[in-house]
*Asks:* 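Shown below is the structure under consideration.
Chain letters run A, B, ... following the sequence lines, proteins first and then strands; every chain starts at 1.
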Amino acid sequence: MSTVVDQDVRAGGDPPPGARAPVNRGKADLKKIVFGVVGLVVTVYLMVTAFQAIVIIDMPKLVQALVAVVAGVGGSMLLFFFLNMAVEGLPQRVEGRLKPYIFILPAISFIALFLIYPTVQTIVYSFANDDSTGWVGLQNYQDIFGDPDFRELIFNNVLWIIVVPAATVALGLMVAVLADKLSEGWEKTSKSIIFLPMAISFVGAATIWRFVYDQDTGDTQVGLLNAIITAVGLDPVSWLQFSDWNLNDILLMVILIWLQVGFAMVLLSAAIKSVPEETLEAARIDGASEVQTFFRVVVPQIRGTLVTVFITVLILVMKVFDVVYVMTNGEFGTNVIGLEFFKQIFQFSNAGLASAIVVLLMLAVIPVLIYQVRHFREEEANR
Amino acid sequence: MSATTPQTTATVPVRSRSKSRAISGGHQDPTRKGGWGTRVALIVACVLWTLPTLGLLITSFRSKDDAVTSGWWSALANPFSTQWTFANFDAAIFDNNMGVAFVNSIVVAIPATVIPIMFAAFAAYAFTFMRFRGRDFLFVVVVSLLVVPIQVAFVPMLRLFGGDGLDIIGQFIAVWLLHTGFGMPLAIYILRNYMATLPRTIIESADIDGATHFQTFWRLIVPMSVPALAAFAIFQFLWVWNDLLIALLFLGTGNPVVTVQLQQLLGRLGEGWQLVAAGAFFTMTVPLFVFFTLQRFFVRGLTAGSVKG
């Protein structure tokens with residue numbers, strides 16, 4: 001180990017990133033490198049073996065989970081430990097440059113393997129046939145835009161995008177404002193009740209609402225909506241099949257709004273509370289009414305949060321799947337992109353068409369993605 | 001220099017406390033002047049929001065005859081003449097496989113929650129406290145991937161995990177891997193944003209005291225990031241628990257999780273709502289438990305992570 005102080009490195013105006021002062025090494029520490037690399041190889045071997053064992057050996061499920069947690073967490077700790085050791089054995093200049101990449105390598109590998117590589121591959125598949133054995137050019141895209149059924153489901157998606165985010169933000173804002181005006185006990189209770197559906201899965205929510213929209217053949221209606229309808233003397237309606245004016249689509253949207261308003265409310269409520277009291281006082285002194293104060297003083301100051309909530313719900317809605325799948329399976333004119341994608345892989349095994357659908361979805365997301373990156377950059381600049 | 005460390009650490013809990021106050025209520029304005037109109041409007045909203053769930057909950061405790069012949073509200077009107085029963089839960093859990101599905105869900109969700117954390121924490125540390133070439137670009141990639149729909153991954157992953165590839169479709173390891181990969185951008189994003197709020201002087205003084213990055217990470221940053229780790233863990237756990245799409249495609253009905261099993265159970269609606277209602281409630285027990293016991297972390301995780309694609 002070298003005892004020479006690397007003065008020139010430290011004082012050289014631009015020190016290597018991550019370099020540490022008291023460790024003074026100019027040369028490699030071979031022992032550390034060997035230990036590190038050997039440890040690394042053994043760790044990776046053990047991790048792979050453990051997960052292979054889960055697949056091959058017939059063990060009880062909970063034991064599988066336990067092995068996975070121990071191998072996953074313990075393995076990743078050892079992995080970083082040995083990686084770090086190997087890198088620390090390198091000369092300091094190299095260590096400082098290499099270490100950040102060592103820290104991000106495992107996470108970035110997961111992202112590359114499970115998100116970036118498949119994205120590229122999906123784009124490629126979208127120009128190929130149903131089992132990706134031959135090129136078909138733009139045929140899949142032509143199929144999508146030429147088929148009236150596809151046009152209908154794209155129209156449905158647009159409808160979802162127009163209605164759900166706006167309605168969710170508006171209702172969330174309303175509840176947040178109302179709750180803010182009442183005592184703390186009232187506020188807490190009402191917010192918990194509105195927020196509770198956030199804990200429920202889409203399938204669970206769909207089950208709950210199928211019961212509301214239920215239609216019975218007999219005299220008594222056990223579904224809430226038809227019970228109300230028959231109580232006022234009207235005939236029961238088969239709500240989920242009622243496609244005039246896209247009513248059944250709207251009824252499906254109600255479910256998503258019901259699920260998401262709590263989320264909008266929590267974020268908007270926090271934003272409203274952070275509006276400085278002085279600005280409200282000033283508006284009131286100037287003679288503004290409560291409504292004027294709200295729209296001219298509060299809303300401009302919570303614009304950022306309003307946009308965040310809107311975008312979040314928008315992205316959720318663009319790929320809505322579970323609710324439509326469980327409620328109608330896309331029948332009666334309720335099909336959407338997310339469900340059609342699922343059907344193309346699961347029922348029709350058409351990888352080409354499924355991929356083309358996802359590529360369209362990706363293209364639709366790009367404006368949101370650009371906004372997201374810009375917004376992030378602005379936030380970083382203000383940090 | 002190192003004497004500043006305790007002071008600066010003390011600012012962290014204060015910060016998180018004020019944040020949680022903003023979430024759970026307590027306006028700085030002492031004059032809350034909502035009239036009866038406000039109260040009535042809020043009560044109406046709360047009743048509307050509760051009724052659908054309440055209907056299903058009540059139905060899950062009714063006998064089949066009752067559930068088929070009268071609406072759940074009639075049980076609420078005459079609670080004493082109604083025959084309350086646990087038989088539906090018994091039937092859903094034991095005769096309709098919901099119990100097995102529950103175990104499957106736990107087997108899926110716990111590793112899928114725990115495994116990403118360590119990888120993401122190291123990456124978040126590097127993104128926050130280390131300077132390296134390509135850092136900003138890579139982080140922008142992570143931020144972009146937050147909004148990319150995970151559907152992009154399905155066709156290639158079905159191939160990779162399918163019979164011609166690794167042949168692990170239907171095995172738990174397939175969904176553990178996928179959830180780890182899909183959860184990674186969000187985990188890095190949440191942890192990095194939290195770490196960026198930690199005082200930099202801590203890192204600097206640790207540096208001066210001769211700690212390596214590895215030591216600083218374990219001894220200082222991980223303990224201080226527990227709120228963010230918990231927020232991510234809860235979000236990821238619920239996301240995995242409530243997921244239907246990945247479970248259907250990569251686990252299927254051979255190893256059904258609760259969402260898949262509930263969807264199967266809906267095919268038995270002909271036997272009345274009481275069985276489905278009980279099954280649905282059984283699937284919600286874990287999320288609702290998390291909701292009521294860990295609400296603060298729950299809210300923080302949801303609000304931080306809801307952009308997940």
*Asks:* Under 4.5 Å heavy-atom distance to chain B, tell me which part of A:D216 shows up: side chain, backbone, both or neither.
*Replies:* neither

*Asks:* Please identify, among A:V212, A:D322, A:L105, the residue contributing the most non-hydrogen atom pairs under 4.5 Å to chain B.
*Replies:* A:D322

*Asks:* With chain B, which of A:A107, A:A354, A:S355 has the greatest number of heavy-atom pairs at distances under 4.5 Å?
*Replies:* A:A107

*Asks:* At a 4.5 Å cut-off on heavy atoms, which part of A:L79 comes close to chain B: side chain, backbone, both, or neither?
*Replies:*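 Contact with chain B involves the side chain of A:L79 alone.
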
*Asks:* What residue in B:P185, B:A120, B:A67 has the most heavy-atom pairs under 4.5 Å with chain A?
*Replies:* B:P185

*Asks:* Using non-hydrogen atoms and a 4.5 Å limit, figure out which bit of A:R377 sits close to chain B: side chain, backbone, both or neither.
*Replies:* side chain

*Asks:* If you count heavy-atom pairs under 4.5 Å between each of A:F342, A:W186, A:F81 and chain B, which one has the most?
*Replies:* A:W186

*Asks:* Do B:Y125 and B:H213 have ring centroids that are under 6.0 Å from one another?
*Replies:*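 Yes, ring centres under 6.0 Å apart.
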
*Asks:* Please determine, among B:F139, B:F281, B:W241, the option with the most heavy-atom pairs under 4.5 Å with chain A.
*Replies:*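 Most pairs with chain A among the choices: B:F139.
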
*Asks:* Please tell me if the side chains of B:L145 and B:V148 come closer than 4.5 Å, counting only heavy atoms from C-beta onward.
*Replies:* yes

*Asks:* For A:Q221, which atoms come within 4.5 Å of any heavy atom of chain B: side chain, backbone, both, or neither?
*Replies:* backbone

*Asks:* With a 4.5 angstrom heavy-atom cut-off, is it the side chain or the backbone of A:Y125 that approaches chain B, or both, or neither?
*Replies:* side chain

*Asks:* Heavy-atom pairs under 4.5 Å with chain B are the metric here; pick the option from A:V309, A:T122, A:V368 that has the most.
*Replies:*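 Ranked by contacts with chain B, first place is A:T122.
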
*Asks:* A:W209 versus chain B, heavy atoms under 4.5 Å apart: side chain, backbone, both or neither?
*Replies:*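 Contact with chain B is through the side chain of A:W209 alone.
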
*Asks:* What is the minimum heavy-atom distance between B:L249 and A:I345, and which atoms define it?
*Replies:* CD1-CD1, 4.1 Å

*Asks:* Identify which of B:L248, B:V258, B:L48 forms the greatest number of heavy-atom pairs closer than 4.5 Å to chain A.
*Replies:* B:L248

*Asks:* Distance to the ring centre below 6.0 angstrom and angle to the axis at most 45 degrees; does that hold for B:R159 and B:F154?
*Replies:*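 No, a cation-pi geometry is absent between B:R159 and B:F154.
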
*Asks:* Non-hydrogen atoms of chain B under 4.5 Å away: do they reach the side chain of A:V55, the backbone, both or neither?
*Replies:*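 For A:V55, the contact with chain B is made by backbone and side chain together.
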
*Asks:* Report the option among B:V108, B:V155, B:V114 that has the most heavy-atom pairs separated by less than 4.5 Å from atoms of chain A.
*Replies:* B:V155

*Asks:* Quick one: what part of A:S192 sits under 4.5 Å from any heavy atom of chain B, side chain, backbone, both or neither?
*Replies:* both

*Asks:* If we define contacts as heavy-atom pairs under 4.5 Å, which of B:A45, B:G71, B:P116, B:P111 has the most with chain A?
*Replies:*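 The option with the most such pairs is B:P111.
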
*Asks:* Is the positively charged end of B:R62 above the ring of B:W72, judged by distance under 6.0 angstrom from the centroid and angle within 45° of the axis?
*Replies:*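 So B:R62 doesn't make the cation-pi contact.
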
*Asks:* Just by distance, do the side chain of B:W273 and the backbone of A:F211 share a donor-acceptor pair under 3.5 Å?
*Replies:*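 It does not hold such a pair.
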
*Asks:* Is B:F289 atom CZ crowded by more than 12 heavy atoms from other residues, nucleotides or ligands, each under 6.0 Å away?
*Replies:* no

*Asks:* For A:F341, is it the side chain, the backbone, both or neither that has a heavy atom under 4.5 Å from a heavy atom of chain B?
*Replies:* side chain

*Asks:* Among B:T180, B:L57, B:I168, which has the most heavy-atom pairs under 4.5 Å with chain A?
*Replies:* B:T180

*Asks:* Non-hydrogen atoms of chain B under 4.5 Å away: do they reach the side chain of A:Y325, the backbone, both or neither?
*Replies:*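 A:Y325 touches chain B through side-chain heavy atoms alone.
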
*Asks:* Taking atom CZ of B:F217 and atom CG of A:N84, what is their separation to the nearest 0.5 Å?
*Replies:*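 Going from CZ on B:F217 over to CG on A:N84, the span is 10.5 Å.
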
*Asks:* Tell me, side chain or backbone of A:F80 under 4.5 Å from chain B's heavy atoms, or both, or neither?
*Replies:*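 For A:F80, heavy atoms of backbone and side chain both lie under 4.5 Å from chain B.
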
*Asks:* For B:V107 versus B:W176, what's the shortest heavy-atom pair and its separation?
*Replies:*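 Between these two residues, the closest heavy atoms are O-NE1, 3.0 Å.
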
*Asks:* Quick check for you: among A:Y117, A:F202, A:F51, A:W258, which has the greatest number of heavy-atom pairs under 4.5 Å with chain B?
*Replies:*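 Of the candidates given, the most pairs with chain B belong to A:W258.
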
*Asks:* State, with a plain yes or no, whether a side-chain heavy atom of A:F263 is found less than 4.5 Å away from one of A:T312.
*Replies:*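 Sidechains of A:T312 and A:F263: in contact.
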
*Asks:* Under 4.0 Å between a side-chain nitrogen and a carboxylate oxygen: does that hold for A:E187 and A:K181?
*Replies:*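 Looking at A:E187 and A:K181, the cut-off is not met.
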
*Asks:* As an exercise, state the distance from SG of B:C46 to CG of A:L196, rounded to the nearest 0.5 Å.
*Replies:* 11.0 Å

